[in-house]
Amino acid sequence: MASSQNMDPAAAAASSSAALKGSESGGSAARSSVSKRLQQELMTLMMSGDQGISAFPESDNLFKWVGTINGAQGTVYEGLRYRLSLEFPAGYPYQAPRVKFVTSCFHPNVDEQGFICLDILKDKWSALYDVRSILLSIQSLLGEPNNESPLNTTAAELWNNQEAFKAHLHSTFQK
C-alpha cells in the first residue's frame with residue numbers, strides 16, 4: 001500500500017482512459033492541473049519570506065524553473081550563492097522534479113554534473129513536497145552532507161577537515 005501514496009487515482013484513471021480513447025484532452029487537462037499547482041507554489045514561495053532561497057519560472061515555461069540557494073549561516077557555504085535548475089515532469093507532483101546545480105558545487109552529495117543525491121528527490125519523494133521544501137532541504141544538505149553515500153568522494157574525504165574543505169571550496173567557487 002505504501003507505493004500508492006504517490007499515486008493520484010483520479011490522474012491514473014484519467015490518463016489510462018485518455019490513452020484508451022487515444023485523445024489528447026486527458027494529457028492537456030493533466031498539464032493544466034500541474035500548471036495550476038506550480039503557479040500556486042510560486043505564490044507560496046514568494047509569500048513565504050524564507051531567507052536565502054528563491055525560484056522562478058525560466059521565461060514563460062512554467063515547467064522549467066531557475067532557483068537560487070544561499071549557503072546557510074555558520075556553514076562553510078556561508079556567503080556563497082548557487083543557481084539550480086528545476087524541471088517538472090507532466091506527472092508532478094506525483095513524480096519528483098529533476099533538480100541540479102547550475103553553479104558548480106563542491107559537496108559530498110553533488111556530482112560534477114550538478115546532480116544531487118538527496119532522498120526526497122528520489123525514493124522518498126512525496127506529492128506533499130513542493131519547491132519551497134526542496135530548496136530548503138538542499139540548503140540544509142549543504143551544511144549537513146550525508147557522507148554515507150557520497151557522489152563526490154574527494155569532497156566526502158575532505159569534509160572532516162572543515163578548514164581544508166572551506167579553503168578548497170572557496171578557491172574553486174565560481175560566481
Side-chain angles (χ1 to χ4, degrees), residues 1-8 34 37-38 41-42 44-46 48-58 63-175:
M1 199 67 180
S3 65
S4 66
Q5 82 182 40
N6 288 342
M7 194 58 166
D8 175 10
V34 175
R37 162 89 183 229
L38 289 170
E41 288 192 29
L42 179 60
T44 301
L45 189 60
M46 289 168 55
S48 73
D50 289 310
Q51 295 298 307
I53 63 166
S54 66
F56 299 95
E58 187 179 285
F63 287 76
K64 280 185 147 198
W65 289 27
V66 174
T68 58
I69 293 179
N70 294 343
Q73 289 186 345
T75 71
V76 293
Y77 293 91
E78 183 176 347
L80 303 181
R81 184 183 192 105
Y82 292 92
R83 288 189 59 196
L84 299 108
S85 69
L86 296 89
E87 292 181 25
F88 300 92
Y92 183 80
Y94 302 100
Q95 292 175 303
R98 187 168 162 242
V99 183
K100 64 182 267 191
F101 279 91
V102 174
T103 308
S104 179
C105 181
F106 183 72
H107 187 277
N109 304 120
V110 180
D111 71 12
E112 289 183 10
Q113 286 77 46
F115 291 104
I116 306 159
C117 181
L118 182 61
D119 59 356
I120 69 160
L121 294 176
K122 307 272 187 275
D123 57 328
K124 299 275 194 261
W125 175 256
S126 163
L128 298 174
Y129 292 123
D130 59 6
V131 173
R132 179 178 174 267
S133 60
I134 292 166
L135 294 176
L136 288 171
S137 294
I138 295 171
Q139 186 182 45
S140 174
L141 180 70
L142 284 179
E144 300 171 26
N146 176 0
N147 269 345
E148 303 302 308
S149 62
L151 285 177
N152 181 333
T153 53
T154 305
E157 289 164 8
L158 203 52
W159 182 258
N160 292 329
N161 182 343
Q162 288 286 280
E163 283 302 310
F165 189 95
K166 186 175 183 175
H168 181 82
L169 175 67
H170 285 264
S171 71
T172 59
F173 183 76
Q174 291 149 359
K175 294 181 182 190

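Please read all numbers here as calculations on a predicted model, not as lab measurements.
Here the NE2 atom belonging to His168 is positioned 15.0 Å from the CD atom belonging to Glu163, to the nearest 0.5 angstrom. If you take CZ on Phe115 and SG on Cys105, they are separated by 14.0 Å, rounding to the nearest 0.5 Å. Separation of atoms OG1 (Thr153) and CG (Asp111) is listed at 11.5 Å; rounding is to 0.5 Å. Note: Leu118 CG to Leu141 CG = 5.5 Å, rounded to the nearest 0.5 Å. To the nearest 0.5 Å, the span separating CD1 on Ile116 from CZ on Arg98 amounts to 11.0 Å.
Residue Glu58 places its CD atom among more than 12 non-hydrogen atoms of other residues, nucleotides or ligands, all under 6.0 Å distant. Crowding of Lys100 atom NZ: a count of heavy atoms from other residues, nucleotides or ligands under 6.0 Å exceeding 12.
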Could you pull out all donor-acceptor pairs under 3.5 Å where a side-chain atom in residues 76-89 meets a protein atom, sequence neighbours excluded?
{"residue": "Tyr77", "atom": "OH", "partner": "Phe106", "partner atom": "O", "Å": "2.5"}
{"residue": "Glu78", "atom": "OE1", "partner": "Gly74", "partner atom": "N", "Å": "2.8"}
{"residue": "Arg81", "atom": "NH1", "partner": "Asn70", "partner atom": "OD1", "Å": "3.4"}

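Legend: residues meeting side-chain hydrogen bond (donor to acceptor under 3.5 Å, both in side chains) with Ser48, ordered by chain and number and at least two apart, are Asp50. The ring pair (Phe, Tyr, Trp, His ring centres under 6.0 Å) test applied to His170 returns no partner, not counting sequence neighbours.
Looking only at side-chain heavy atoms (C-beta outward), His107 and Asn152 stay at 4.5 Å or farther from each other. Proximity of Leu135 to Leu45: side-chain heavy atoms (C-beta onward) are separated by under 4.5 Å at one or more points. Contact annotation: the side chain of Thr75 never approaches that of Leu142 to less than 4.5 Å [non-hydrogen atoms, C-beta and beyond]. When side chains are defined from C-beta on, Leu121 does not count as touching Tyr129, because their heavy atoms never get closer than 4.5 Å. Taking 4.5 Å as the limit, some side-chain heavy atom of Phe56 sits within range of a side-chain heavy atom of Leu42. Side-chain contact between Ile134 and Trp125 is present, with heavy atoms from C-beta onward closer than 4.5 Å.
Scanning both residues, Tyr92 and Leu38, for their nearest heavy atoms gives CE2-CD2, 3.7 Å. Between Ser149 and Asn109 the shortest heavy-atom distance is O-ND2, 3.4 Å. The nearest pair of heavy atoms linking Arg37 to Ala127 is NH2-O, 3.0 Å. Residue Ile120 comes nearest to Ser133 through the heavy atom pair CD1-O, 4.4 Å, listed as atom of the first residue, atom of the second, then distance. Of all the heavy atoms in Phe165 and Ala155, the pair that sits closest is CE1-O, 3.5 Å. Considering all non-hydrogen atoms of both residues, Gln174 and Ser104 come closest at OE1-CB, 4.4 Å.
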